[in-house]
Student: 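Quick one: the structure is below, questions incoming.
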Amino acid sequence: MSSRNFVAGMLLVLLLGLLFWLWLSRSTAPSTEQSAARADAAEHREGFVDTASARGPEQKQHEKATTTIKAVSDSGVRFSIRRELRISAPKPPYGSAYAALRPGAEKARPDVQYQLGLMLYRCRDVPVHADVLKAQVDLMYQTRRSRGWEVDNPALEEKGMRASFRDCIGVPEPARHEYREWIQRAADAGLMEAQLNLMFHL
C-alpha cells in the first residue's frame, strides 16, 4: 500500500512540474507585438540603411553610389541589404579629373575620395618633369629594368612610360603621393570597396 502511495505521489509531483514548466514557457514567449518591434529595431541597426531617417549632405551624396535591397524573411523579419556600386578611377587626362574630384573629396564624400585615391595611385611613380622622364627612359635602356622590374621589350616599356606621363600632366607632384590617404579616408568612412582594396594600394 505504501508503495502505491509513493508512486502516486511521484506522479503528482511530475504533473505539477510539467504544468509549472508550461506556464513558465508561455509567460516568457515573445508576443506578436514584441516580434514586430524587434523586426523594426533590426531594420535600424548599425550597418543597415535607413532611408527614412534624416542625413547630412555628404551621406546623401554617398548613397548615390549604393543600392539598397529590402526584404522580409520567411519568419517575418524585415531586413535591408546595402550593396555598394563598383567605383573605378576616372579616365585620363588625369589633370582635369583631379581638379574635378578634389573638391568633393575634401567635402568628405567617400566615393569621390576613393576615386581620387585610385587615380593618384596610377600617377604615384610618374615624373612631373620631362627631363626626369628622359633620364628614366635612358636608364631603363641601359639596365633593362624599370621600377625594380626586368624589361623584356624596352621600346614597349618606353611607350607605356610616355603614355603615363601624358595622362598625369596637371596632377600636382605632392598630390601624387596622397593616394593612400584618400583611400584610407574612404575606407574609414565605411566604403566597402575601399576597405577591401586598401591592402592592394599600400
Side-chain angles (χ1 to χ4, degrees), residues 46-47 49 55-69 81-202:
E46 182 180 357
V49 174
R55 294 173 178 79
E58 293 83 4
Q59 181 64 22
K60 289 179 180 179
Q61 290 288 347
H62 170 54
E63 285 176 2
K64 292 181 180 180
T66 64
T67 297
T68 303
I69 302 172
I81 301 174
R82 187 180 67 183
R83 182 171 64 88
E84 304 282 354
L85 300 182
R86 182 169 178 80
I87 301 172
S88 57
K91 296 181 179 180
Y94 296 137
S96 57
Y98 175 81
L101 291 173
R102 184 76 189 223
E106 291 178 345
K107 291 180 180 178
R109 288 183 52 188
D111 55 327
V112 178
Q113 290 173 335
Y114 183 56
Q115 276 189 300
L116 180 61
L118 292 178
M119 187 200 74
L120 293 176
Y121 182 78
R122 297 183 178 184
C123 295
R124 69 193 185 282
D125 295 326
V126 179
V128 176
H129 304 290
D131 56 342
V132 178
L133 172 65
K134 182 179 183 304
Q136 289 184 355
V137 171
D138 292 342
L139 183 62
M140 182 267 298
Y141 274 102
Q142 294 172 15
T143 62
R144 295 293 183 118
R145 296 182 67 86
S146 177
R147 302 174 187 176
W149 297 92
E150 292 185 3
V151 175
D152 294 330
N153 189 335
L156 183 62
E157 181 69 16
E158 178 186 0
K159 183 178 179 180
M161 293 170 69
R162 294 193 180 279
S164 296
F165 179 83
R166 289 192 301 271
D167 291 344
C168 294
I169 290 176
V171 179
E173 184 174 13
R176 299 185 184 196
H177 306 287
E178 296 175 353
Y179 62 90
R180 184 185 297 108
E181 176 185 346
W182 290 114
I183 297 175
Q184 181 72 63
R185 289 188 186 185
D188 292 342
L191 189 67
M192 183 66 67
E193 189 168 348
Q195 293 172 349
L196 293 175
N197 292 325
L198 178 61
M199 67 182 74
F200 300 110
H201 298 88
L202 297 178

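We're numbering straight along the sequence, starting at 1.
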Student: By salt bridge (Lys or Arg N to Asp or Glu O under 4.0 Å), which residues pair with Arg145, not counting sequence neighbours?
Tutor: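 By the salt bridge (Lys or Arg N to Asp or Glu O under 4.0 Å) rule, Arg145 matches Glu150.
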Student: How long is the straight-line distance from OH of Tyr121 back to CE of Met119, given to the nearest 0.5 Å?
Tutor: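 The CE atom of Met119 sits 14.5 Å away from the OH atom of Tyr121.
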Student: Going by salt bridge (Lys or Arg N to Asp or Glu O under 4.0 Å), name the residues that satisfy it together with Arg176, two or more places apart in sequence or in a different chain.
Tutor: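 Expected list: none.
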Student: Is there any disulfide bond (SG atoms under 2.5 Å apart) pair reaching into residues 95-177, and which pairs are they, with sequence neighbours excluded?
Tutor: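 The answer is Cys123-Cys168.
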Student: Sequence neighbours left out, what pairs pass side-chain hydrogen bond (donor to acceptor under 3.5 Å, both in side chains) with at least one residue falling in residues 95-104?
Tutor: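 Residue pairs with at least one partner in residues 95-104: Tyr98-Arg102, Arg102-Glu106, Arg102-Glu178.
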Student: Which residues pass the side-chain contact (heavy atoms from CB on, under 4.5 Å) test with Asp152, not counting sequence neighbours?
Tutor: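 Asp152 satisfies side-chain contact (heavy atoms from CB on, under 4.5 Å) with no other residue.
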Student: Can you name the residues that form a side-chain hydrogen bond (donor to acceptor under 3.5 Å, both in side chains) with Glu157, not counting sequence neighbours?
Tutor: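 For Glu157 the side-chain hydrogen bond (donor to acceptor under 3.5 Å, both in side chains) partners, ignoring immediate neighbours, are Ser146.
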Student: List the residues meeting side-chain hydrogen bond (donor to acceptor under 3.5 Å, both in side chains) with Asp125, not counting sequence neighbours, and say none if there are none.
Tutor: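 With sequence neighbours excluded, Asp125 shows a side-chain hydrogen bond (donor to acceptor under 3.5 Å, both in side chains) to no residue whatsoever.
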Student: Could you tell me whether the side chain of Gln113 and the main chain of Trp182 form a donor-acceptor pair under 3.5 Å?
Tutor: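 Flag not set: sc Gln113 to bb Trp182 has no pair under 3.5 Å.
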Student: Determine the minimum heavy-atom distance between Pro110 and Ala186, stating which atoms define it.
Tutor: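 So the two residues come closest at O-CB, 3.3 Å.
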Student: I'd like to check Pro154 versus Met140 (side-chain heavy atoms, cut-off strictly below 4.5 Å). Are they in contact?
Tutor: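 Touching, per the 4.5 Å side-chain cut-off.
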Student: Taking only residues at least two apart or on different chains, which pairs with a member in residues 129-143 satisfy side-chain hydrogen bond (donor to acceptor under 3.5 Å, both in side chains)?
Tutor: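 Counting only pairs at least two positions apart or across chains, the side-chain hydrogen bond (donor to acceptor under 3.5 Å, both in side chains) contacts touching residues 129-143 are Lys134-Asp138, Tyr141-Glu158.
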Student: Nearest 0.5 Å please: distance from the NZ atom of Lys91 over to the CG atom of Asp167.
Tutor: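 Atom-to-atom, Lys91:NZ and Asp167:CG are 12.5 Å apart.
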Student: Can you name the closest pair of heavy atoms from Ala105 and Val112 and give their distance?
Tutor: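 Closest approach of Ala105 to Val112, heavy atoms only: N-CG1, 3.5 Å.
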Student: Nearest 0.5 Å, please: how far is CG in Leu191 from CD1 in Ile183?
Tutor: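 Reported to 0.5 Å precision, the distance equals 10.5 Å.
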Student: Identify the heavy atoms of Pro127 and Val132 that sit nearest to each other, and give their distance.
Tutor: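 Smallest interatomic distance, heavy atoms only, reads CB-CG1, 3.6 Å.
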Student: Indicate the atoms forming the closest heavy-atom contact of Gly117 with Tyr179, along with that distance.
Tutor: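 Scanning both residues completely, I find the closest heavy atoms to be O-CB, 3.3 Å.
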Student: Please identify each residue that fulfils salt bridge (Lys or Arg N to Asp or Glu O under 4.0 Å) with Asp188, with sequence neighbours left out.
Tutor: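 Checked Asp188 against salt bridge (Lys or Arg N to Asp or Glu O under 4.0 Å); zero matches.
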Student: Taking salt bridge (Lys or Arg N to Asp or Glu O under 4.0 Å) as the definition, give me every residue that meets it alongside Glu173, ordered by chain and number, with sequence neighbours left out.
Tutor: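 Once residues adjacent in sequence are excluded, Glu173 has no partner under the salt bridge (Lys or Arg N to Asp or Glu O under 4.0 Å) criterion.
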Student: How long is the gap from CD on Gln115 to CZ on Arg109, to the nearest 0.5 Å?
Tutor: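 If we round to the nearest 0.5 Å, Gln115:CD and Arg109:CZ are 8.5 Å apart.
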Student: Just verifying a value: how many Å separate Leu101 CG and Tyr94 OH, rounded to the nearest 0.5 Å?
Tutor: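 If we round to the nearest 0.5 Å, Leu101:CG and Tyr94:OH are 11.5 Å apart.
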Student: Looking at every heavy atom in both Ala100 and Pro103, which two are closest together, and how far apart are they?
Tutor: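 It is O-CD, 3.6 Å.
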Student: Tell me, please, which residues at least two apart from Lys159 pass side-chain hydrogen bond (donor to acceptor under 3.5 Å, both in side chains).
Tutor: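 Testing Lys159 for side-chain hydrogen bond (donor to acceptor under 3.5 Å, both in side chains), a comparison that skips the adjacent residues, returns none.
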Student: Mind checking side-chain hydrogen bond (donor to acceptor under 3.5 Å, both in side chains) for Glu181 and listing every partner two or more places apart, or none if nothing turns up?
Tutor: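 Glu181 satisfies side-chain hydrogen bond (donor to acceptor under 3.5 Å, both in side chains) with Arg185 once adjacent residues are dropped.
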